[in-house]
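Numbers here are sequence positions counted from 1. Values below: all heavy atoms of this structure, side chains included; hydrogens, waters and symmetry mates excluded.
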Amino acid sequence: MESLLKRELNTVALKTLGHAAGGCISQGQSYETDSGRVFVKINHKSQVHGYIRRTTGRSAPSQCNAERTTEERCTYCKGPGQSEMQYVNKFGFHIATCCGYLPQHNDWQSDWVNFFTRQRLQVQLDLIEKEYADREARDLWSKLQLKIPALFHDMEIMPALLHGDLWGGNIGQVEDGPVIFDPASFYGHSEFELAISGIFGGFGTGFYTAYHNKIPKAPGFEKRLKLYQLFHYLNHWNHFGSGYRGSSVSIMKALIL
């Protein structure tokens, strides 16, 4: 591991600063390097990516696209080292990301419904089919796919840069303000960002009030939120087992009514 990190970080110095608190899936470790401190997220499953994040500086906020003109909303947020804005008018990301240890393939698409259905829900349900061959889930999914487009009728969805896994366990506080970490980022529908916080470790009412003052709820918000929560329940089913089956099946049943 030490030689791998030195090579990837292009550093001679590599001093352990101590273990960070681990999560349910991966372990964390901080190091001092030639160019400063880094945080390394480690998972020992085969074919799982490692993640290295510098602990200095700030990353762009997760909702930087909101409340701007059409042209401005279709951009990457300008971050350290970027000399100019880069325009984004599609859904996806320039690399694969992970939610937990499962990869998210972020091939760019111009249609959000197609992106979310194929590259998020279908992937999760394919994994469930492979592992569990759950006939009820399979039958419900075949019906739900036909219902999804109606949930987005007459909506114009602009790509927003998302954290992707924003719940109470992935936020913190440092001396100069709040931070968010452990992202599963991609450009998607802004409503997706609120899904998992309604399942695990949500935020106070002040957070949601302030959020919706900036981005008001569009018609059909609550039902779409359930659809987005379905992704997280399926993802947890694939990570942690059939204890999450009941919630996944219940949401699918509710959405096809």
For residues [X] and [Y], determine if any side-chain heavy atom of one lies less than 4.5 Å from a side-chain heavy atom of the other.
X	Y	result
Leu230	Leu144	yes
Leu255	Leu140	no
Gln173	Val179	no
Asp139	Glu136	no
Cys99	Asp165	yes
Arg37	Tyr31	no

Worked check of side-chain hydrogen bond (donor to acceptor under 3.5 Å, both in side chains) between Trp141 and Glu129: CA-CA 11 Å; Trp141 175 234; Glu129 176 65 20; over 6 Å; no

Cation over ring face, Arg120 and Phe186, 6.0 Å, 45°: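 Verdict for Phe186: a cation-pi partner in Arg120.
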
Quick check against the 3.5 Å criterion: does [X] have a side-chain atom that pairs as donor or acceptor with the backbone of [Y]?
X	Y	result
Asp176	Val174	no
Glu32	Lys15	no
Asn170	Ile180	no
Asn238	Gln124	yes
Arg224	Pro219	yes

Using the side-chain hydrogen bond (donor to acceptor under 3.5 Å, both in side chains) rule, take His189 and Tyr228 through it: C-alpha gap first, then chi angles, then the decisive distance, then the call. CA-CA 10 Å; His189 186 193; Tyr228 294 147; 2.7 Å; yes

Examine Trp237 together with Tyr132 and report whether their ring centres are nearer than 6.0 Å. yes

Start with the C-alpha gap between Leu234 and Tyr244, add the side-chain angles, then the distance that decides, and say whether side chain to side chain contact (heavy atoms under 4.5 Å, CB included) holds. CA-CA 7 Å; Leu234 293 171; Tyr244 289 94; over 6 Å; no

Verdict with reasoning, Gln109 to Gln119, per side-chain hydrogen bond (donor to acceptor under 3.5 Å, both in side chains): CA-CA 10 Å; Gln109 294 197 38; Gln119 294 180 222; 2.4 Å; yes

Worked verdict on His212 versus Phe221 for side chain to side chain contact (heavy atoms under 4.5 Å, CB included): CA-CA 11 Å; His212 290 301; Phe221 171 85; 3.8 Å; yes

Nearest 0.5 Å, what's the CE-CD distance between Met252 and Gln145?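 Here the interatomic distance stands at 10.5 Å.
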
If you compare all heavy atoms of Ile215 against all heavy atoms of Ser190, which two are closest, and at what distance to 0.1 Å?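 Of all heavy-atom pairs spanning Ile215 and Ser190, the closest is CG2-OG, 4.2 Å.
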
